[in-house]
Trainee: 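Pasting a structure here, questions to come.
Hydrogens, waters and symmetry mates are skipped; everything else that's a heavy atom, side chains included, is used.
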Amino acid sequence: MKSTYDIIIIGAGHAGCEAANAAAKLGSSVLLITMNMETIAKMSCNPAIGGVAKGQIVREIDALGGLTGRITDKTSIQFRMLNRSKGPAMWSPRSQCDRMMFSWEWRLALERNENIDFWQDNVDQILTIDGRVEGIITSLGITFKTKAIVVTSGTFLNGLIHIGKKNFGGGRASESASYGITACLNKLGFESGRMKTGTPPRIDGRSLDYSKMEEQSGDINPSKFSFWSEQQTTIQKSCFITYTNPKTHDILREGFQDSPMFNGSIQGVGPRYCPSIEDKINRFAERDRHQIFVEPEGWQTVEIYVNGFSTSLPEDIQYRALKEIPGFENVKMFRPGYAIEYDYFPPTQLMPSLETKLIKNLYFAGQINGTTGYEEAACQGLIAGINAFQNLNNKTPLVLSRDEAYIGVLIDDLINKGTDEPYRMFTSRAEYRILLRQDNADQRLCKIGYELGLLEEWKYQKFIKKTVNIETIINFCKKTKPDLKELNTILESLNSSQLTEKSTLYKVLLRPNVTIENLTNNTLEHSEELKSFTEEEKEEAEITIKYAGYIDKEKEMAKKINSLEHITIKESFNFEEIKSLSAESREKLTKIRPATIGQASRISGVSPADISILLVHFGR
């Protein structure tokens, strides 16, 4: 083994894998340390990637040159585009995956990267010298020297698993917790806290009666996550929906006295938007049922993930309650659900690059920052891996703005607002949702990935061709005026008002019920010219046409807000000297130390009046 590396990645979950791949692909020598080589990129919770806002993040990772999207496409067993009934800003791709294949494909991808070495061990200490990282010491007593470290520890830091009154150390079911890192970081001056998450029981799919459930199949014409993947999910497995009932709830309530959630055993804060089943029936006592999603774990296994039934109740209570759910009468349980508490480090201790403020070249990514979800972790890992490389090579760190990517929204939220509960990304967190659609992630980020050196030449050329084609479609629609009689025939079939004079396709497409598909599927004059473009190109062109006014407004708004990002604040600036600022504002600004007025404006507790005072102080 080598004893010195450019970058060491601690943890091989979704954040660690993206960090290792990015840093190594850019040219750094990388050591990826994991406690178990068999669980690289393991899907610890549900076997799915994407969903509302999360799907947008995965497409952004793909556009920058990350791997999560491509590996999802390779291992997908079902694809659905969520929220199709809403506007395109809300459309969100989601794939059900083969859990074992997903982990295996990630390992293969990392092993193909010659700049990555692997070591199975636990990290006990992070070594520093003069305020910067120097290396690590493992449980085996081995020292590795390095110039930069990315900590992606997931739920393993002092992890504690709860099942009823039973609790035991662990970072995941049947896997030991990691001890040493928290104490080491605390000694260096870092503040830490506790969070909690949970997972449902896993059951035997052969024991279920699917005839009593509602089938949820994939899309008829499934899409894919990666802009570069040729592989699409053609054969799909169905998920199913069923519901709890009052009998289920009564049995669950029997276990409340032994619940670690209610008896004080759990100190960590759980995810607000993914509550346990006992939390749901306690908080929403007026509801007599809750939705349960029955999700297959892969092609070659009968194991089922019971989405919506996350719990830490005693295993006998879990089993009895499950048997009352329609279709679960003869259920066999493989293993019970459990809750897990773990250490995290409030992300206000980070800079926008995800480098810590206290120790140079030390980066945090994933659940250590208080987030929840594979997608949130993966994008942080990607950014941390990129910036570790950038820093070591005296290059400008990659910091995405809130109008460039959901990734930018997520990191900006974390470092400025912090979080005292597991952070989950939603479309509602982004003020520029129309700009940050899933379909245009490549238009927003491919150039950045290419200039960094993370996106290959052939991918960039494919992106350029797509961009040109979209512009060609839009220009074609602006100048083309089809035959009025033919066009009115189509409009009549769509229950759209008739035209009295010739109009361009561009103006016709502004109507909400008229699509390019409507036009190309008919014998409309000139429509043959549109058929040569891909469905993706036509769809994005149509969205650009229909929402042009809204897109321009959001761009103008972003431009005004971003002007504050150019007013920098020196790191040594003393906010206490400005007595006209509110006491809360001085306290928050001193703690977070924003680099710009724009960043200061997004800190909770800093009012618009405080920003005006800062602008006057800086001569603006």
Trainee: Can a side-chain donor-acceptor contact be found between Glu18 and Thr68 if the only test is distance below 3.5 angstrom?
Mentor: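 Yes.
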Trainee: Quick one: are Leu358 and Leu188 in side-chain contact, heavy atoms under 4.5 Å?
Mentor: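 They are not in side-chain contact.
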Trainee: Using the side chain to side chain contact (heavy atoms under 4.5 Å, CB included) definition, which of the options Leu414, Asn369, Leu410 pairs with Glu376?
Mentor: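 Result: among Leu414, Asn369, Leu410, Leu410 is the only option passing the side chain to side chain contact (heavy atoms under 4.5 Å, CB included) with Glu376.
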Trainee: Taking the six-membered ring for Trp and the single ring otherwise, decide whether the centroids of Phe364 and Phe190 are under 6.0 Å apart.
Mentor: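 Close enough - the centres of the two rings lie under 6.0 Å apart.
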Trainee: With side chain to side chain contact (heavy atoms under 4.5 Å, CB included) as the criterion, how do Leu362 and Leu185 come out once you've worked through the C-alpha distance, each side chain's angles and the decisive distance to 0.1 Å?
Mentor: CA-CA 11 Å; Leu362 177 63; Leu185 292 173; 4.0 Å; yes
Trainee: Checking the side chain of Gln349 only, and the main-chain atoms of Glu191 only, is there a donor and an acceptor separated by less than 3.5 Å?
Mentor: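 Looks like yes, one N/O pair under 3.5 Å.
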Trainee: Please set out all donor-acceptor pairs under 3.5 angstrom arising from side-chain atoms of residues 40-53, sequence neighbours excluded.
Mentor:
from	atom 1	to	atom 2	distance (Å)
Ser44	OG	Arg172	NH1	2.8

Trainee: Looking at Ser28 and Ile7, what are the two nearest heavy atoms and their distance?
Mentor: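 So the minimum-distance heavy-atom pair works out to OG-CD1, 3.6 Å.
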Trainee: Are any of the side-chain heavy atoms of Leu67 and Cys17 separated by less than 4.5 Å?
Mentor: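 No, their side chains stay 4.5 Å or more apart.
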Trainee: Taking it one step at a time, do Glu295 and Gln96 satisfy side chain to side chain donor-acceptor pair (under 3.5 Å)?
Mentor: CA-CA 8 Å; Glu295 301 180 351; Gln96 205 71 26; 3.0 Å; yes
Trainee: How long is the gap from CD1 on Ile149 to CD1 on Ile8, to the nearest 0.5 Å?
Mentor: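 Taking CD1 in Ile149 and CD1 in Ile8, the distance rounds to 5.5 Å.
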Trainee: Any non-hydrogen side-chain atom of Asn113 less than 4.5 Å from a side-chain atom of Asn21?
Mentor: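 In short, these two side chains touch, coming nearer than 4.5 Å.
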Trainee: Do the side chain of Asp73 and the main chain of Ser229 share a donor and acceptor less than 3.5 angstrom apart?
Mentor: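 Between the backbone of Ser229 and the side chain of Asp73 there is no qualifying donor-acceptor contact (under 3.5 Å).
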Trainee: Is there side-chain contact between Leu455 and Leu64, with at least one heavy-atom pair below 4.5 Å?
Mentor: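 A side-chain contact under 4.5 Å is absent here.
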Trainee: Could you check Arg602 against Glu565 for salt bridge (charged side-chain N to carboxylate O under 4.0 Å, His left out), going step by step and ending with a plain yes or no?
Mentor: CA-CA 11 Å; Arg602 296 188 294 276; Glu565 302 295 341; 2.6 Å; yes
Trainee: Quick one, Phe293 with Cys239, criterion side chain to side chain contact (heavy atoms under 4.5 Å, CB included). Give me CA distance, side-chain angles, the key distance, then yes/no.
Mentor: CA-CA 7 Å; Phe293 293 91; Cys239 296; 6.0 Å; no
Trainee: Got a donor-acceptor contact below 3.5 angstrom from the Thr152 side chain to the Ile10 backbone?
Mentor: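 Here the side-chain-to-backbone pair exists.
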Trainee: Working to the nearest 0.5 Å, report the span between CG of Asp62 and NZ of Lys224.
Mentor: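 It comes to 8.5 Å.
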Trainee: Please give me the minimum heavy-atom distance between Trp299 and Ser76, naming the atom from each residue.
Mentor: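 Smallest heavy-atom distance, with atoms named: CZ2-O, 3.9 Å.
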Trainee: Using modelled atom types and a 3.5 Å cut-off, is there a donor and acceptor pairing between side-chain atoms of Arg84 and backbone atoms of Trp91?
Mentor: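 Absent.
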Trainee: Identify the heavy atoms of Tyr423 and Arg429 that sit nearest to each other, and give their distance.
Mentor: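 The pair with the smallest heavy-atom distance is OH-CD, 3.0 Å.
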Trainee: Would you say Lys459 has more than 12 foreign heavy atoms packed within less than 6.0 Å of its NZ?
Mentor: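 Counting neighbours around NZ of Lys459, more than 12 heavy atoms of other residues, nucleotides or ligands fall under 6.0 Å, so yes.
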Trainee: Would you please test Asn36 and Gln120 for side chain to side chain contact (heavy atoms under 4.5 Å, CB included) and show each step?
Mentor: CA-CA 6 Å; Asn36 187 349; Gln120 180 171 294; 4.1 Å; yes
Trainee: Quick one: does Tyr344's side chain get under 4.5 Å of Leu157's, heavy atoms only?
Mentor: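 Tyr344 does not reach Leu157 side chain to side chain.
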Trainee: Of Gln438, Gln56, Arg437, which meets side chain to side chain donor-acceptor pair (under 3.5 Å) against Ser92?
Mentor: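 By the side chain to side chain donor-acceptor pair (under 3.5 Å) criterion, Ser92 pairs with just one of Gln438, Gln56, Arg437: Gln56.
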Trainee: Applying salt bridge (charged side-chain N to carboxylate O under 4.0 Å, His left out) to Glu536 and Lys462, what does each step give before you reach the verdict?
Mentor: CA-CA 13 Å; Glu536 282 184 355; Lys462 185 176 180 181; over 6 Å; no
Trainee: One pair to check against side chain to side chain donor-acceptor pair (under 3.5 Å): Asp98 and Thr75. What are the steps and the verdict?
Mentor: CA-CA 5 Å; Asp98 186 306; Thr75 61; over 6 Å; no
Trainee: Using salt bridge (charged side-chain N to carboxylate O under 4.0 Å, His left out), reason through Asp413 and Arg402 one step at a time and then give a plain yes or no.
Mentor: CA-CA 9 Å; Asp413 279 353; Arg402 297 180 72 91; 2.9 Å; yes
Trainee: Measuring from atom OG of Ser401 to atom CD1 of Ile407, what distance do you get when rounded to the nearest 0.5 angstrom?
Mentor: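 Ser401 OG to Ile407 CD1: 11.5 Å, rounded to 0.5 Å.
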Trainee: Let's go through Asn440 and Glu540 carefully: what are the C-alpha distance in whole Å and the side-chain angles of both, what is the deciding distance for side chain to side chain donor-acceptor pair (under 3.5 Å) to 0.1 Å, and is it a yes or a no?
Mentor: CA-CA 7 Å; Asn440 72 346; Glu540 192 166 334; 5.4 Å; no
Trainee: Below 4.5 Å, heavy atoms only, C-beta onward: do Leu436 and Val409 meet side chain to side chain?
Mentor: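 Touching, per the 4.5 Å side-chain cut-off.
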Trainee: Taking all non-hydrogen atoms of both residues, which atom of Ala388 and which atom of Val150 are closest, and how far apart?
Mentor: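 Shortest heavy-atom contact: CB-CG2, 4.3 Å.
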Trainee: Main chain of Gln216, side chain of Gln78: is a donor-acceptor contact present, judged purely on distance under 3.5 Å?
Mentor: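 Flag set: sc Gln78 to bb Gln216 pair under 3.5 Å.
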Trainee: For the pair Tyr338 (side chain) and Ala173 (backbone), establish whether a donor and an acceptor sit closer than 3.5 Å, ignoring hydrogens and angles.
Mentor: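 At least one qualifying donor-acceptor pair exists.
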Trainee: Whether the side chain of Arg444 engages the backbone of Glu404 through a donor-acceptor N/O pair (distance < 3.5 Å, no angle test) should be reported.
Mentor: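 Yes; at least one donor-acceptor contact below 3.5 Å.
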Trainee: Which residue is it: Asn387, Asn391, Thr356, Thr128? I am looking for the one with a side chain to side chain donor-acceptor pair (under 3.5 Å) to Asn361.
Mentor: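 Single pass found, and it is Asn391.
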Trainee: Does some side-chain heavy atom of Thr197 sit less than 4.5 Å from a side-chain heavy atom of Tyr342?
Mentor: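 Answer yes - side chains close enough.
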Trainee: Quick one: does Ser601's side chain have a donor or acceptor within less than 3.5 Å of a partner on Gly598's backbone?
Mentor: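 Looks like yes, one N/O pair under 3.5 Å.
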Trainee: About how many Å separate CG of Leu398 and CG of Leu382, when rounded to the nearest 0.5 Å?
Mentor: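 Interatomic distance, Leu382 CG to Leu398 CG, rounded to 0.5 Å: 8.0 Å.
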Trainee: Enter the distance from Asn115:CG to Leu31:CG here, rounded to the nearest 0.5 Å.
Mentor: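 Those atoms lie 12.5 Å apart.
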Trainee: Between Ser192 and Asp343, does any side-chain donor sit less than 3.5 Å from a side-chain acceptor?
Mentor: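 Looking only at side-chain atoms, Asp343 and Ser192 do not form any donor-acceptor pair under 3.5 Å.
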Trainee: Given side chain to side chain contact (heavy atoms under 4.5 Å, CB included), test Glu175 with Phe156 step by step and report yes or no.
Mentor: CA-CA 9 Å; Glu175 295 182 53; Phe156 281 77; 3.7 Å; yes
Trainee: State, to 0.1 Å, how close Lys25 and Leu454 come at their nearest heavy-atom pair, and which atoms those are.
Mentor: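 That closest heavy-atom pairing would be NZ-O, 3.0 Å.
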Trainee: For Met425, does its backbone N or O pair with a side-chain atom of Lys54 as donor and acceptor, under 3.5 Å?
Mentor: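 Checking the backbone N and O of Met425 against the side chain of Lys54, no donor-acceptor pair under 3.5 Å is found.
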Trainee: Is the backbone of Thr372 close enough, under 3.5 Å, to the side chain of Arg424 for a donor and an acceptor to pair up by distance?
Mentor: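 Judged by distance alone, no pair lies under 3.5 Å.
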Trainee: Calculate, to the nearest 0.5 Å, the distance between atoms OH and OG1 belonging to Tyr5 and Thr146 respectively.
Mentor: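 Tyr5 atom OH to Thr146 atom OG1 measures 10.0 Å (nearest 0.5 Å).
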Trainee: Does a side-chain heavy-atom distance below 4.5 Å link Tyr432 with Lys555?
Mentor: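 With C-beta onward as the side chain, the pair stays apart.
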Trainee: Quick check on side chain to side chain contact (heavy atoms under 4.5 Å, CB included): which of Ile181, Asp121, Val151, Ile33 does Ile136 satisfy it with?
Mentor: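 Of the listed residues Ile181, Asp121, Val151, Ile33, the side chain to side chain contact (heavy atoms under 4.5 Å, CB included) partner of Ile136 is Ile33.
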Trainee: Quick one: closest heavy-atom pair of Phe102 and Cys97, and the distance?
Mentor: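 That closest heavy-atom pairing would be CD1-SG, 4.4 Å.
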